[in-house]
Amino acid sequence: MNKKKMCLIWHEAGNDLYQDRFSALSKLFDLKVYGPRKFMGKTFQEISKKEWSSALFDCFLVMHWLTYFSYKMIRSVRKERFDIIYIHEEPHSLLAFFIVIFCPAKVRVLETSVINMKGNFKGFNFLEKIVYKKIDAILPKNKEVAQVLVARGADKNKIYSPIGNGVSKETFDVVDKIKARKKMFGDSFEGKLVLGFAGRIWQPKGLEILIPLAQENNYKVIVCGGVLDDWLLDKLKKSGVLYIGELKKNELNCFYSSLDIFILPSLNTPYWREQFGRVCAEAIYCGTPAIGSNVGGIPMVIGEQNTFEAGDIDSLRAKIKNLRDDQMRVDKLQEQHEHVVENFSWSAIANQVAHVVRGIKC
């Protein structure tokens, strides 16, 4: 049986961190990945694999995913006559508009993370209206995104169940906890529950909630990641939080594995949400149960019962208490690991996309 020809269009097409995603899709489709050669200050190289290949284009307006586009890319997509065009961009982006106008396909799918009404112009954005009219299926990143799409004017009958993001089991795996701690910190933190966070040191991530925990004798709080708010890093350090810098991908396995509990305490903000909470899934793959705030896509990844009210320290303490001993954490980890593998491995994500496409009878 011949595979259907699919073109995935995405501003991260040249990012080698997503090769596992492309490989998973290529098992189900004859896949080609299109995107910009340069995007937001980064330069990408075309990648060719036996199963799939990428084509990168010089684009205009590459400072933002809403504005970039390329006439050559559009001509190439049109010429190839793909069975499926899979657009991973926002519905009000220029590229999504040009693709649905000029590039025919049996099925056109839009994956989106839109979380507010910005750029909708109270429903009068005619580019966005045309995208909703011509697209066959819309894959929201989480439940909140689905609600925002309806408010922006999308046909709710075209909106499918949230598809989330994928995490590679090949990249993230368990390291012995004791060895990981010695390697990362040179200290076992004996008698303390080790709590940790990975991600941007940025106020919307809600990291200030970790300060009371760092000041208690029962916990050791450790964070890593790039710094966007210097004032916040200073505040964390002064409270006793251990900051270990921005880690490379091959160092994250040790970091995640060294923790007893991973915490993602993100806040709701007017223009940003935690769309998926990938770091939670990465931690779970590395043998550490995760808890997080009830924001954006976090509950979808870790389970509603493992979330706390954003910014509420008492709610967070209650969740930590539920994982106070080793067996509780082992049981929770097993439950979360099964959930992540079943729903958020790249093969699971690819199967969900294929299910949507087949439902449209490509």
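This structure is a prediction, so every number in the text was calculated from the model and none was measured.
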**Prompt:** Looking at G303 and T307, what are the two nearest heavy atoms and their distance?
**Reply:** O-CG2, 3.6 Å
**Message:** Looking at every heavy atom in both Y285 and F172, which two are closest together, and how far apart are they?
**Reply:** CB-O, 3.6 Å
**Asked** Do you know the tightest heavy-atom contact between W272 and I115?
**Response** N-CD1, 3.7 Å
**Item:** S293 side chain reached by F308 side chain, heavy atoms, under 4.5 Å
**Value:** yes
**Request:** Assess whether atom CZ of R278 is packed by more than 12 heavy atoms of other residues, nucleotides or ligands within 6.0 Å.
**Result:** no
**Message:** How close do I302 and G292 get, counting heavy atoms only, and between which atoms?
**Reply:** CD1-N, 3.2 Å
**Request:** Tell me whether the centres of the aromatic rings in F344 and H339 are closer together than 6.0 Å.
**Result:** yes
**Message:** Would you say CD1 of I178 has more than 12 non-hydrogen atoms from neighbouring residues, nucleotides or ligands within 6.0 angstrom?
**Reply:** no
Expected list for residues 42-50: side-chain donor-acceptor pairs under 3.5 angstrom, two or more places apart:
{"from": "E46", "atom 1": "OE2", "to": "L56", "atom 2": "N", "distance (Å)": "3.0"}
{"from": "K49", "atom 1": "NZ", "to": "Q19", "atom 2": "OE1", "distance (Å)": "3.2"}

**Request:** Take I244 and F185 through the test side-chain contact (heavy atoms from CB on, under 4.5 Å) and record every step on the way to the result.
**Result:** CA-CA 9 Å; I244 59 172; F185 318 117; 4.0 Å; yes
**Asked** With distance as the sole test, does R108 use its side chain to make a donor-acceptor pair with the main-chain N or O of C103 at under 3.5 Å?
**Response** yes
Name the atoms and distances for all side-chain donor-acceptor pairs under 3.5 Å in residues 190-213, with sequence neighbours left out.
{"from": "K205", "atom 1": "NZ", "to": "E274", "atom 2": "OE1", "distance (Å)": "2.8"}
{"from": "K205", "atom 1": "NZ", "to": "E274", "atom 2": "OE2", "distance (Å)": "3.3"}
{"from": "E208", "atom 1": "OE2", "to": "K235", "atom 2": "NZ", "distance (Å)": "2.7"}

**Point-to-point distance, once rounded to the nearest 0.5 Å, from NZ of K319 to CD1 of I291** = 8.5 Å
**Message:** Counting only heavy atoms from other residues, nucleotides and ligands, does the tally under 6.0 Å from NE2 of H355 exceed 12?
**Reply:** no
**Item:** Whether K158 side chain and Y132 backbone form a donor-acceptor pair below 3.5 Å
**Value:** yes
**Asked** Are the side chain of S257 and the backbone N or O of C286 linked by a donor-acceptor pair below 3.5 Å?
**Response** yes
**Request:** Could you tell me whether E216 and R317 make a salt bridge, using a distance below 4.0 angstrom between a side-chain N and a carboxylate O?
**Result:** yes
**Request:** Indicate yes or no: at least one non-hydrogen side-chain atom of L316 is less than 4.5 angstrom from one of I313.
**Result:** yes
**Message:** If we ignore hydrogens and angles and just use 3.5 Å, is the side chain of N15 paired with the main-chain N or O of Y18 as donor and acceptor?
**Reply:** no
**Message:** Taking L228 as the starting point, is it possible to reach Y243 by hopping between hydrophobic residues whose side chains are less than 4.5 Å apart?
**Reply:** no
**Exam field: side chain R181 to backbone F189, donor-acceptor pair closer than 3.5 Å** = no
**Request:** Applying ring pair (Phe, Tyr, Trp, His ring centres under 6.0 Å), name anything that partners H88, two or more places apart in sequence or on another chain.
**Result:** W10
**Candidate pair K220 and D260, rule salt bridge (charged side-chain N to carboxylate O under 4.0 Å, His left out), full reasoning** = CA-CA 10 Å; K220 184 65 184 178; D260 291 311; over 6 Å; no
**Complete:** Value for OG1 (T288) from CG (L259), rounded to nearest 0.5 Å, stands at 5.0 Å
**Asked** Taking side chain as C-beta onward, heavy atoms only, is F57 less than 4.5 Å from F69?
**Response** no
**Asked** Distance from S258 atom OG to D176 atom CG, nearest 0.5 Å?
**Response** 11.5 Å
**Message:** Count I, L, V, M, F, W, Y as connected when their side-chain heavy atoms are under 4.5 Å apart, and connections chain through other members. Are I9 and I84 then in the same cluster?
**Reply:** no
**Request:** Look up atom CD in E90 and atom OG in S113, then write down how far apart they are to the nearest 0.5 Å.
**Result:** 5.5 Å
**Message:** Check whether D229 reaches the backbone of W231 with its side chain - one donor and one acceptor, N or O, closer than 3.5 Å.
**Reply:** no
**Prompt:** Which heavy atom of G311 sits nearest a heavy atom of L267, and at what distance?
**Reply:** N-CD2, 4.0 Å
**Item:** Audit row: Y68, E89, side chain to side chain donor-acceptor pair (under 3.5 Å) steps and yes/no
**Value:** CA-CA 10 Å; Y68 88 93; E89 303 295 345; 2.8 Å; yes
**Complete:** For Y160 and A137, the nearest pair of non-hydrogen atoms, with its separation, is CE1-CB, 3.4 Å
**Test log, rule side-chain contact (heavy atoms from CB on, under 4.5 Å), inputs E111 and I349** = CA-CA 12 Å; E111 181 176 334; I349 297 295; 5.9 Å; no
**Request:** Step by step, work out the salt bridge (charged side-chain N to carboxylate O under 4.0 Å, His left out) result for D173 and K169.
**Result:** CA-CA 6 Å; D173 204 356; K169 181 65 175 173; 3.4 Å; yes
**Asked** Side chains of K332 and N322: does their closest heavy-atom pair fall under 4.5 Å?
**Response** no
**Message:** Show, in sequence, the C-alpha distance, side-chain angles and deciding distance for E12 and R21, and conclude whether the salt bridge (charged side-chain N to carboxylate O under 4.0 Å, His left out) test is met.
**Reply:** CA-CA 11 Å; E12 295 281 7; R21 177 188 190 182; over 6 Å; no
**Message:** Could you see if I159 belongs to whatever hydrophobic cluster contains M300? Use Ile, Leu, Val, Met, Phe, Trp, Tyr and a side-chain cutoff under 4.5 Å.
**Reply:** no
**Message:** A quick test of your reading: do over 12 heavy atoms of other residues, nucleotides or ligands sit less than 6.0 Å from CG of N250?
**Reply:** yes
**Message:** Just checking K27: does its NZ atom have more than 12 heavy atoms from other residues, nucleotides or ligands closer to it than 6.0 angstrom?
**Reply:** no
**Request:** Would you kindly check if the NZ (Lys) or CZ (Arg) of K5 is within the cone defined by 45 degrees around the ring axis of F82 and under 6.0 Å from the six-membered ring centre?
**Result:** yes
**Request:** Would you check, one step at a time, whether the test side-chain contact (heavy atoms from CB on, under 4.5 Å) holds for E51 with F22?
**Result:** CA-CA 9 Å; E51 302 85 4; F22 307 149; over 6 Å; no
**Item:** Side chain R324, main chain K321, donor-acceptor under 3.5 Å
**Value:** yes
**Item:** Heavy-atom side-chain proximity of W52 to L25 below 4.5 angstrom
**Value:** no
**Asked** Do F124 and M117 sit in the same hydrophobic cluster, where Ile, Leu, Val, Met, Phe, Trp and Tyr count as joined when their side-chain heavy atoms come under 4.5 Å apart?
**Response** no
**Message:** To the closest 0.5 Å, what do you measure between NE2 (H92) and NZ (K118)?
**Reply:** 8.5 Å
**Request:** Would you indicate whether the side-chain heavy atoms of I135 and I87 approach each other to under 4.5 Å?
**Result:** yes
**Prompt:** Under a single-linkage definition using a 4.5 Å side-chain heavy-atom cutoff for Ile, Leu, Val, Met, Phe, Trp and Tyr, are M73 and M63 assigned to the same hydrophobic cluster?
**Reply:** yes
**Asked** Would a distance-only check, ignoring hydrogens and angles, find a side-chain to backbone donor-acceptor pair under 3.5 Å from E282 to Y256?
**Response** no
**Asked** Does some side-chain heavy atom of I99 sit less than 4.5 Å from a side-chain heavy atom of I74?
**Response** yes
**Message:** If the test is salt bridge (charged side-chain N to carboxylate O under 4.0 Å, His left out), which one of R358, K106, K3, K4 qualifies with D83?
**Reply:** K106
**Request:** Give a yes or no on whether a salt bridge exists between D234 and K237, defined as a side-chain N under 4.0 angstrom from a carboxylate O.
**Result:** no
**Message:** With heavy-atom distances below 4.5 Å as the criterion, would you say the side chains of K141 and N165 are in contact?
**Reply:** yes
